[in-house]
Amino acid sequence: GLASVCDLAIATTESKFGYSEVKIGFIPAIVSVFLLKQIGITKSKELLLTGKIVSAEEAQSFGLINKVSTKEKLESCVMDIAQSLVKTTSAESLKLTKELINGVSDKSVSEGFNWAAEMNAKARETKDCKKGIAAFLDKEKIKW
């Protein structure tokens, strides 16, 4: 369940994933909302209806997790991704991109375009966007 609500999920080769509630007469109600959006209806049905447990590699193959690492390299893998985000992306743009993703996912294509246009306009007004565009135009390396 936790993997299905993460923005980025990294697992070890030993990790296993599953929604086994159906095997004990229960249902994976809350996490199913996130899982359906994360991996789609076909694979979600397979996991939710069968209670099947899958390996990290299989979970990565259908988009539940982003990366598989050895247990020994997990911390450095996570730190590399975190450092990359901190050094190469704007905090304001990350926030707005998450808002964009969350807002557009339940809209029709037409509504999605309108939402995306609104978010685009909102992003252009941020300090980070102005700083980033100025650095790009001046051919300067930006520091976030």
Side-chain angles (χ1 to χ4, degrees), residues 1-136 141-144:
L2 282 176
S4 61
V5 300
C6 291
D7 291 327
L8 299 169
I10 298 100
T12 64
T13 52
E14 300 86 3
S15 299
K16 303 286 184 212
F17 299 87
Y19 302 84
S20 57
E21 288 88 339
V22 295
K23 291 184 175 185
I24 61 167
F26 195 50
I27 64 170
I30 303 301
V31 296
S32 68
V33 174
F34 298 100
L35 184 66
L36 285 158
K37 289 183 179 200
Q38 184 86 356
I39 67 170
I41 195 163
T42 302
K43 200 63 174 176
S44 291
K45 280 183 180 181
E46 178 184 341
L47 293 174
L48 296 172
L49 294 173
T50 66
K52 175 183 172 183
I53 304 298
V54 298
S55 69
E57 290 81 7
E58 187 175 356
Q60 182 183 26
S61 75
F62 55 75
L64 180 60
I65 62 169
N66 300 90
K67 190 170 180 83
V68 179
S69 171
T70 63
K71 193 175 186 179
E72 298 76 29
K73 294 183 180 179
L74 180 63
E75 186 173 344
S76 66
C77 179
V78 170
M79 289 304 294
D80 288 347
I81 292 169
Q83 286 297 314
S84 176
L85 287 172
V86 167
K87 291 178 181 178
T88 65
T89 63
S90 145
E92 286 182 334
S93 66
L94 287 175
K95 177 183 174 280
L96 290 174
T97 299
K98 286 182 61 165
E99 190 177 334
L100 170 71
I101 292 166
N102 292 330
V104 79
S105 64
D106 62 346
K107 293 179 176 17
S108 69
V109 172
S110 176
E111 292 170 330
F113 282 136
N114 290 334
W115 174 250
E118 287 177 35
M119 293 302 297
N120 187 300
K122 187 175 181 179
R124 289 173 187 265
E125 295 299 317
T126 67
K127 175 184 70 170
D128 280 4
C129 184
K130 291 173 184 174
K131 177 180 175 180
I133 289 173
F136 174 78
K141 186 172 178 159
I142 194 160
K143 289 187 177 184
W144 296 112

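Please read these numbers as outputs of a predicted model, since none were measured by experiment. Only this structure's heavy atoms are used, side chains among them; waters, hydrogens and symmetry mates stay out.
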Legend entry - E92 and S90 side chains, donor-acceptor separation under 3.5 Å: no
Legend entry - Note, T12 side chain near S15 side chain (heavy atom, < 4.5 Å): yes
Inset, instruction - Assess whether side-chain contact (heavy atoms from CB on, under 4.5 Å) is satisfied between I10 and L74, documenting all intermediate values. - result: CA-CA 8 Å; I10 298 100; L74 180 63; 3.5 Å; yes
Inset, instruction - Of all the heavy-atom pairs spanning A123 and L96, show the shortest one and how long it is. - result: CA-CD1, 3.6 Å
Legend entry - Minimum heavy-atom distance between G132 and I142, given as atom pair plus value: CA-CD1, 3.4 Å
Legend entry - Heavy-atom neighbours of K73 NZ exceed 12 at 6.0 Å: no
Inset, instruction - Grab the two heavy atoms, one from A59 and one from F17, that are nearest each other, plus how far apart they are. - result: CB-CD1, 3.7 Å
Legend entry - Pairwise distance CG(L47) to CD1(I39) - rounded to 0.5 angstrom: 5.0 Å
Legend entry - Approximate separation, where rounding is to 0.5 Å, of T42 OG1 and F62 CZ: 12.0 Å
Inset, instruction - Report the residues that fulfil side-chain hydrogen bond (donor to acceptor under 3.5 Å, both in side chains) with S108, sequence neighbours left out, ordered by chain and then residue number. - result: E111
Legend entry - I30, CD1 atom: more than 12 neighbouring heavy atoms under 6.0 Å: no
Legend entry - Interatomic distance, I133 atom CD1 to R124 atom CZ [nearest 0.5 angstrom]: 6.5 Å
Legend entry - Partner residues of E75 under the side-chain hydrogen bond (donor to acceptor under 3.5 Å, both in side chains) criterion, sequence neighbours left out: none
Inset, instruction - Working to the nearest 0.5 Å, report the span between CG of L64 and OH of Y19. - result: 4.5 Å
Legend entry - Within residues 31-51 or reaching into it, pairs that qualify as salt bridge (charged side-chain N to carboxylate O under 4.0 Å, His left out) - sequence neighbours excluded: K43-E46, K43-E58, E46-K52
Inset, instruction - Would you please test E21 and I27 for side-chain contact (heavy atoms from CB on, under 4.5 Å) and show each step? - result: CA-CA 5 Å; E21 288 88 339; I27 64 170; 5.5 Å; no
Inset, instruction - Answer yes or no: does atom CG of L2 have more than 12 heavy-atom neighbours from other residues, nucleotides or ligands under 6.0 Å? - result: no
Legend entry - Closest approach of K16 to I53 (non-hydrogen atoms, all atoms of both residues): CB-CG2, 3.6 Å
Legend entry - side-chain contact (heavy atoms from CB on, under 4.5 Å) between N120 and L100, worked out: CA-CA 9 Å; N120 187 300; L100 170 71; over 6 Å; no
Legend entry - F34, CZ: over 12 other non-hydrogen atoms inside 6.0 angstrom: no
Inset, instruction - Please report the shortest heavy-atom distance between D128 and W144, naming the atom on each side. - result: O-CH2, 3.3 Å
Inset, instruction - Heavy atoms only: give me the nearest L8-L85 pair and the separation to one decimal. - result: CD1-CD1, 4.0 Å
Legend entry - Contact check, side chains of L36 and I41, non-hydrogen atoms, under 4.5 Å: yes
Inset, instruction - Could you please spell out the steps behind the side-chain contact (heavy atoms from CB on, under 4.5 Å) verdict for V31 and L35? - result: CA-CA 6 Å; V31 296; L35 184 66; 5.7 Å; no
Inset, instruction - Keeping the roles fixed (side chain from S84, backbone from D80), state whether a donor-acceptor pair exists under 3.5 Å. - result: no
Inset, instruction - Please answer whether the main-chain N or O of A9 pairs with a side-chain N or O of N66 as donor and acceptor at a distance below 3.5 Å. - result: yes
Inset, instruction - To the nearest 0.5 angstrom, please state how far the CG atom of D7 sits from the NZ atom of K98. - result: 3.5 Å
Inset, instruction - Please check if atom NZ in K131 has more than 12 non-hydrogen atoms from other residues, nucleotides or ligands closer than 6.0 Å. - result: yes
Legend entry - Rounded distance [0.5 Å steps], CD in Q60 versus OG1 in T13: 11.5 Å
